[in-house]
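All values below come from the heavy atoms of this structure, side chains included, with hydrogens, waters and symmetry mates left out.
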Amino acid sequence: MSDDDFDVIVIGGGPVGENAAARTAAGGLRTALVEAERVGGECSYWACMPSKALLRPGHALAAARRVPGVPVGDRLDPAAVLKRRDAFTSDWDDSGQVEWAEGAGLTVVRGRGRLAGERRVGVDGRVLTATRAVVVCTGSVPRVPELPGLADVPYWTSREATSAHEPPTSLVVLGGGVVGVEMAQAWARLGSSVTLVVSGERPLPKFEAFAGDLVAEGLREDGVRVVTGVKATGVSTSDGEVSLRLSDGTAVSGAHLLVATGRQPATADLGVEPYGFEPGKALEVDDTGRVSGVDWLYAAGDVTGRALLTHQGKYAARAVGTAIVTGARDPEPWTAAVATADHTAVPQVVFTDPEVASVGWTEAQAREAGLEIRVVDLDIAVAGSSLHADGYRGKARMVVDERRRTLVGVTFAGPDVAELVHAATIAIVGEVTVDRLWHAVPAYPTISEVWLRLLEAYGL
């Protein structure tokens, strides 16, 4: 092989691409990892890690305030918070990630990868060739709405929101999804005056309604102005501030505008047109990650549109790597489990205070799927929660498929509920019946006792 010939070429060096490439390299295949920016991708430098680093100090302070007797200060130290955030991003230096990749047997190729024919990838004038497969792991990019005046106004996306070097004096956040609520709370707790604009009745519209209501309540307690039921109609600047016009005739203004209106697959300028795909749209894949209609082309992560979450993308990448190494069209154990893991048992955490942790279907989704269900709702009020915080407020919902007596959806909302979700994920993926789940005894006194209360409320 020449320096431009490989068994596998992976386009995109984020966590998803790293997992796919590491899997094929471990299987003995010569693998190239092509990355245009930083190895480690969006998650490491502009999303998961820096955003949670910004949120955690505020959560720790709030938790301390909920337990009498703990000496706490009045406010956070923004400079210290930002310094710790910078440490998690390695000051946006990817040399450590490159060292890991090379140590895993990968050849890192710097530049923007583009499909250039069958098993061929162009990288800034250089053409790489794969004997087995090309894997697209280019992730997603912010979806920017067509809003009058927006193109003429400087605005933040999630990248600027997570990498800013000082708290903005004031911030308007457009969009009530995960990025919107997390960044609204992070910067509010660091001293910014924040307004959150939500088009629906509440933030987090894809979750159970009670979750969005609790998060909105938490944001308001932190001083965030939450404006609901209005849409943005235009943007302008005046006296150094950005003004967002709303559908009710009012306007909100701030030093910065964060546009957090969703994400879309990063398939623009990727060369997907010859294979029947539209730039900016998802690549359709089967459960092995093979792109529809193309034997040698695979994809994993956000670019497939299946589940825009780092952990789900890494899972899909492992499946892709297994399929390529084995050469199997239906590699076990993936085909038996992927439909569950990718479609009906996707866990997600919103790292606000209160946290939201969910897996599987909401009540509405389960009913839309035609299931005969029973819904059990409870306040999280157990010995563990009362010890965890005075005045603990939280809710839990369990959605049960009555015909199979298995869980199809679970949602928790409350302080520090993120660690509860994996038990729910196991129950759904494993199709554990509620009768069997009753014998999984939660430790006392932990918040996990809510499982016992849910099953008791169900009638066991």
Under a 3.5 Å distance rule, please check whether Q264 uses its side chain to pair with a backbone N or O of G280 as donor and acceptor.
no
Residue pair E42, D302: steps toward the side-chain contact (heavy atoms from CB on, under 4.5 Å) verdict
CA-CA 11 Å; E42 202 78 18; D302 288 10; over 6 Å; no
Please name the pair of heavy atoms, one in E431 and one in T406, separated by the smallest distance, quoted to 0.1 Å.
O-CG2, 3.6 Å
Mark yes when over 12 heavy atoms from residues, nucleotides or ligands other than R404 sit less than 6.0 Å from its CZ; otherwise mark no.
yes
Heavy atoms, side chains only, cut-off 4.5 Å: are R202 and V198 in contact?
no
Which word best sums up how the rings of W296 and Y275 line up, parallel for under 30°, tilted for 30 to 60°, or perpendicular for over 60°?
perpendicular
If you count the non-hydrogen atoms of other residues, nucleotides and ligands that lie under 6.0 Å from NZ in K52, is the total more than 12?
yes
Answer yes when R189 and D353 have at least one side-chain N-carboxylate O distance shorter than 4.0 Å, and no when they do not.
yes
Is there a donor-acceptor contact under 3.5 Å from the side chain of E208 to the main chain of E363?
yes
Name of the residue among L171, L219, T195, V181 meeting side-chain contact (heavy atoms from CB on, under 4.5 Å) with V224
L219
Flag the pair P145 / V259 as yes when at least one side-chain heavy-atom distance between them is below 4.5 Å, and no otherwise.
yes
Stepwise side chain to side chain donor-acceptor pair (under 3.5 Å) check, D93 with S90
CA-CA 5 Å; D93 178 357; S90 301; over 6 Å; no
Tell me, do P168 and W187 make a side-chain contact under 4.5 Å, heavy atoms counted?
yes
D7 CG to I324 CD1 distance, which is reported to the nearest 0.5 Å:
10.5 Å
S247 (side chain) donor-acceptor with V230 (main chain) under 3.5 angstrom
no
Set out, in order, the CA-CA distance, both residues' side-chain angles and the distance that settles side chain to side chain donor-acceptor pair (under 3.5 Å) for T322 and R23, then state yes or no.
CA-CA 7 Å; T322 296; R23 198 87 168 184; 3.3 Å; yes
Measure the spacing between CD of E182 and OG of S158 and express it to the nearest 0.5 Å.
11.0 Å
Using a 6.0 Å cut-off, check whether atom CZ of R159 has over 12 heavy atoms from anything other than its own residue.
yes
Please check if the side chain of Y45 supplies one atom and the backbone of V39 the other of a donor-acceptor pair under 3.5 Å.
yes
For side-chain contact (heavy atoms from CB on, under 4.5 Å), just list the numbers for L150 and L257, CA-CA rounded to whole Å, side-chain angles, deciding distance to a tenth of an Å, and then say yes or no.
CA-CA 10 Å; L150 185 60; L257 169 67; 4.0 Å; yes
Between T138 (side chain only) and G12 (backbone N and O only), is there a donor and an acceptor less than 3.5 Å apart?
no
What are the two closest non-hydrogen atoms of L190 and R75, and how far apart are they?
O-NH2, 4.5 Å
I need the minimum non-hydrogen distance between A133 and A130, along with the two atoms involved.
O-CB, 3.4 Å
Distance (rounded to the nearest 0.5 Å) between S236 OG and R245 CZ:
5.0 Å
Is it the case that R306 and T304 place a side-chain donor and acceptor less than 3.5 Å from each other?
no
Assess the residue pair S448 and L420 against the criterion (side-chain contact (heavy atoms from CB on, under 4.5 Å)); give the C-alpha distance rounded to whole Å, side-chain angles, the decisive distance to 0.1 Å, and a yes or no.
CA-CA 7 Å; S448 293; L420 297 177; 3.4 Å; yes
Taking it one step at a time, do T129 and D4 satisfy side-chain contact (heavy atoms from CB on, under 4.5 Å)?
CA-CA 6 Å; T129 302; D4 291 337; 6.0 Å; no
Just by modelled atom types, is the T362 backbone N or O under 3.5 Å from a matching donor or acceptor in the Q365 side chain?
yes
Pairwise distance CG(L61) to CZ(R56) - rounded to 0.5 angstrom:
10.5 Å
Pairwise side-chain contact, D124 with R112, heavy-atom cut-off 4.5 Å (strictly under):
yes
Between H311 (side chain) and P347 (backbone), is there a donor-acceptor pair under 3.5 Å?
yes
If I take atom CG from residue L33 and atom OG1 from residue T24, how far apart are they, to the nearest 0.5 angstrom?
9.5 Å
Of all heavy-atom pairs between A427 and L407, which one has the smallest distance, and what is that distance?
CB-CD1, 4.0 Å
For the residue pair E273 and P279, establish whether any side-chain heavy-atom pair is separated by less than 4.5 Å.
yes
Answer yes or no: is there a side-chain heavy-atom contact under 4.5 Å between V81 and R84?
no
Work out which heavy atom in Y298 is nearest to a heavy atom in D295; give both atom names and the distance.
CE1-O, 4.2 Å
Going through the checks in order, is the side chain to side chain donor-acceptor pair (under 3.5 Å) test met by S238 and E241?
CA-CA 5 Å; S238 178; E241 287 200 332; over 6 Å; no
Between R30 and D5 (side chain of the first, backbone of the second, donor and acceptor by atom type, cut-off under 3.5 Å), is there such a pair?
yes
Would you give the length of the straight line joining atom CG of L29 to atom CG of L106, rounded to the nearest 0.5 angstrom?
11.5 Å
Is any side-chain heavy atom of F277 closer than 4.5 Å to one of T267?
no
T411 versus S358, closest heavy-atom pair with distance:
OG1-CB, 3.6 Å
Taking the side chain as every heavy atom from C-beta outward, state whether L82 and H165 have any pair of such atoms under 4.5 Å apart.
no
Test item: H59 side-chain N/O and E355 main-chain N/O as donor-acceptor pair under 3.5 Å:
no
